[in-house]
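Quick notes on the structure that follows.
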Amino acid sequence: MAVNYKAPIKDILFAFDVLNSYEKLNKIDRFKDFNKDITAPAIEECSKFAEEVLAPINADGDKHGAQFNSGVVNMPPGFNEAYEKFKNAGWASISLPVEIGGGGMPYLLSGGTLEILCSANMAFMLGPGLSIGAISGIYAHASQEQKDKFLPDLVSGDWTGTMNLSEPQSGSDLNYLTTKAELKEDGTYKITGTKIWIGSGEHDLSDNIVHLVLARVPGSPDGTNGISMFIVPKYIVNDDSSLGARNDVNCISIEEKLGIHGSPTCVMEYDGAVGYLVGEQNRGLSYMFTTINEARIRVGGHGLACTTGALQGAAQYARDRVQGRPVGMSQEDSKNSTIIDHADVRRMLMTIKAYSDAMRYMMYDNQMMLDFLYFGNDDQKKFGEARVGLLTPISKSWISDLSVELTSMAIQIYGGMGYVEETGVAQYFRDARIAPIYAGTNGIQALDLTLKKIHIDEGKAVSNLFDEMISVSNELKNSERLSKLNESYEFHTKNLIESTEKVRQLFIDDKQKSISGFASPYTKKFGQVLGGYYMAKAAILADKKYNETGEEFYKDKITLSKFYIEQLLPLSEIYTPSIDSDVNDLFLIGSENF
Ligand SMILES: Cc1cc2nc3c(=O)[nH]c(=O)nc-3n(C[C@H](O)[C@H](O)[C@H](O)COP(=O)(O)OP(=O)(O)OC[C@H]3O[C@@H](n4cnc5c(N)ncnc54)[C@H](O)[C@@H]3O)c2cc1C
């Protein structure tokens, strides 16, 4: 009855083609030989691992959860054995640079592996995701000595990493962060304070845990300009890399949560712990953004993974469950029919499947732009930086919001059995619910998009993307099978461009408060239309492939793109009245009257 997860290998490989990723990545020196002969076996291997090792312990991980016992956190049954296998297979570091012992694959590929591994077991994958973030932060900003000391064991997965930003009074707003870092005579710092909600802050999977901690050196400026970043290991690392004394950092409790029970969310007490300053004092927040930005893209991946996992369960159930005579079918013909024959169930399945494709293309594209940012030449880096900046708040928020809606829709397909834990689909819904919240809430993403990212290079970054979107309109127009789709595609794309011009103008006129009133609806509109862009590209490629091969897979891709562009893309219009509204209307009712 539980979801029998099988990785959608063909869809994932098709997504790499839709993004024209081989040709694009081959232009980056270190990926000049990157091709399908590399991605296909990697995705297949990863699928086997996910299906055989991670998926079987997903439900148990949810049921038992991580357990806190006097400062020690024990992971759920099977997690320790699975982590050993995960580490040894190299999945922890597949896309980290070879220079530090990683697999050297593009980030694009780890978009695919992330989807597969998280669909199989999102809670298990959160710890390794946080480690990758810590590694990126150290690799980009730490001294050579610090890199030599901490990176090898983090990259191998023998140690794990965390990111410590949040404090009780300082969540979205890090201006109020109070954890203190006092310089000692030996050049290290004494870290004192409480951090909350720290993912994998304590566990029994690895020998050491390396915390990246934001703290304030006394006398630093107020606000975010006075925050520095520190490495604080659970065990002090000796010069010969052996582990020394236990540091004064402890987990004092873990949270009871709605989902991701297998991932310990920890309250961490820093009681004069030894910390090492990374880079320059007071530049900590900008350093931590290397970690946070990657985390945001991965959170979109969490949403995608929960959605595609739930879709599989719902489709399996809908093919088996016998119930009701489909409208228009005779009693005789309906004898063997199952709920997948009902138009309404079909509509739900089509909606989830079409959105899943759009989400996948968007998230993978965002990952591929990290390859340009990190490994490109100067021009490629510049392009990558602007595009990562622009795509990240959209993909993080659009995908994660949708994942909650779509995993809920998957429950609906099951009917009553969806509400019963034994089917496993409810877990996808509960696990997905964190994605719109962590790594910066979706409300914060919307402000980031509307008050910063669409103004990058005086709007050139966003207008470059719009040029690409418009050029796809020309391709649709010239296609015999797809030209009809262009009417909806072109209309909604132009409409988004118009809304964007409005936001840009309000920004130039210094009307930030007006923008804050519709930042979220605008961001949703952007996601919905950008999803249409990827689906149009998919249709164009699928059409070509279908003409060449006649394969049903490509016909289905055309059908899904058509469904999206004709029936889902127009939903972008529901946000326009909000974009045209007055922010003051939101404040007409007194706070106490809600
Ligand atoms: C399971 C879990 C794991 C986590 N993992 C980590 C981790 O590993 N490391 C870490 O440091 N933190 C972690 N967090 C913390 C997480 O990133 C924060 O919960 C999140 O950033 C939101 O902060 P907050 O909860 O304080 O909400 P608040 O900041 O109090 O926000 C509450 C609401 O107000 C809105 N809001 C707040 N400020 C604004 C604004 N300026 N404009 C518009 N709306 C606003 C928000 O969008 C939200 O809807 C985790 C949290 C959870 C629940």
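We count ligands from 1, going down the list as the structure has it; atoms in each ligand are counted the same way.
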Hey, is atom 19 (O) of ligand 1 under 4.0 Å from any protein heavy atom?
yes

For ligand 1, find out whether one of its N or O atoms is nearer than 3.5 Å to an N or O atom of I434.
no

Within this structure, what is the CZ-CD1 distance for the pair F429 and I411, rounded to the nearest 0.5 Å?
5.5 Å

Minimal non-hydrogen separation, T265 against W197, with atom names:
CG2-CA, 3.4 Å

For atom 47 (O) of ligand 1, what is the nearest protein heavy atom, given as residue, atom name and distance?
T441 OG1, 2.6 Å

Looking at atom 9 (N) of ligand 1, what's its closest protein heavy atom, distance included?
M163 O, 2.8 Å

Would you verify that at least one protein heavy atom lies under 4.0 Å from atom 23 (O) of ligand 1, or report that none does?
yes

The atoms of ligand 1 lying under 4.0 Å from a heavy atom of A439, numbered in the order shown, are 17 (O)

S395 and N366: side chain donor to acceptor below 3.5 Å
yes

for atom 8 (O) of ligand 1, nearest protein heavy atom and its distance come out as G199 N, 3.0 Å

Heavy atoms of other groups near N584 CG, more than 12 under 6.0 Å:
yes

Could you check E182 against R216 for salt bridge (charged side-chain N to carboxylate O under 4.0 Å, His left out), going step by step and ending with a plain yes or no?
CA-CA 8 Å; E182 295 162 289; R216 218 179 264 291; over 6 Å; no

Do you see a protein non-hydrogen atom under 4.0 Å from atom 29 (O) of ligand 1?
yes

Go through it in stages, so that I can follow the logic: the residues are F230 and Y189, the test is ring pair (Phe, Tyr, Trp, His ring centres under 6.0 Å), and I'd like the CA-CA distance, side-chain angles, deciding distance and then a yes or no.
CA-CA 8 Å; F230 298 86; Y189 288 76; 5.0 Å; yes

Please state which protein non-hydrogen atom is closest to atom 21 (O) of ligand 1 and give its distance, to 0.1 Å?
G440 N, 3.9 Å

Give the atom numbers and elements of ligand 1 that come within less than 4.0 Å of a heavy atom of L447.
42 (N), 43 (C)

Proximal atoms of ligand 1 relative to I437 (non-hydrogen, under 4.0 Å)
20 (C)

Distance check, rounded to the nearest 0.5 Å: L114 atom CG versus L109 atom CG?
11.0 Å

Going by heavy-atom distance to atom 45 (C) of ligand 1, choose the closest among V299, I444, T162.
I444

Say whether I196, considering both its backbone and side-chain N or O atoms, lies within less than 3.5 Å of an N or O atom on ligand 1.
no

Decide yes or no on ring pair (Phe, Tyr, Trp, His ring centres under 6.0 Å) for F518 and Y575, but give the supporting numbers first.
CA-CA 9 Å; F518 62 76; Y575 302 113; over 10 Å; no

Would you say atom 35 (C) of ligand 1 makes contact with the protein, given that contact here means a non-hydrogen protein atom less than 4.0 Å away?
no

Under 4.0 angstrom from ligand 1, any heavy atom of D173?
no

Of all protein heavy atoms, the one nearest atom 26 (O) of ligand 1 is G171 CA, 3.2 Å

Around atom 15 (C) of ligand 1, find the nearest protein heavy atom and jot down its residue, atom name and distance.
S166 OG, 3.2 Å

When distances are taken from atom 3 (C) of ligand 1, the protein heavy atom at minimum range is Y438 CD2, 3.6 Å

Parallel, tilted or perpendicular, as decided by the 30° and 60° cut-offs, for the rings of F124 and F79:
perpendicular

Does any N/O atom on S172 come nearer than 3.5 Å to any N/O atom on ligand 1?
yes

Please say whether the positively charged group of K149, taken as NZ for Lys or CZ for Arg, lies over the ring of Y276, i.e. under 6.0 angstrom from the six-membered ring centre and within 45 degrees of the axis.
yes

Under 3.5 Å, is there a donor on one side chain and an acceptor on the other for Y522 and T500?
yes

Counting non-hydrogen protein atoms only, what is the nearest one to atom 5 (N) of ligand 1? Give residue, atom name and distance.
W197 O, 2.8 Å

Give, for atom OH of Y235 and atom CG of L243, the distance between the pair rounded to the nearest 0.5 Å.
8.0 Å

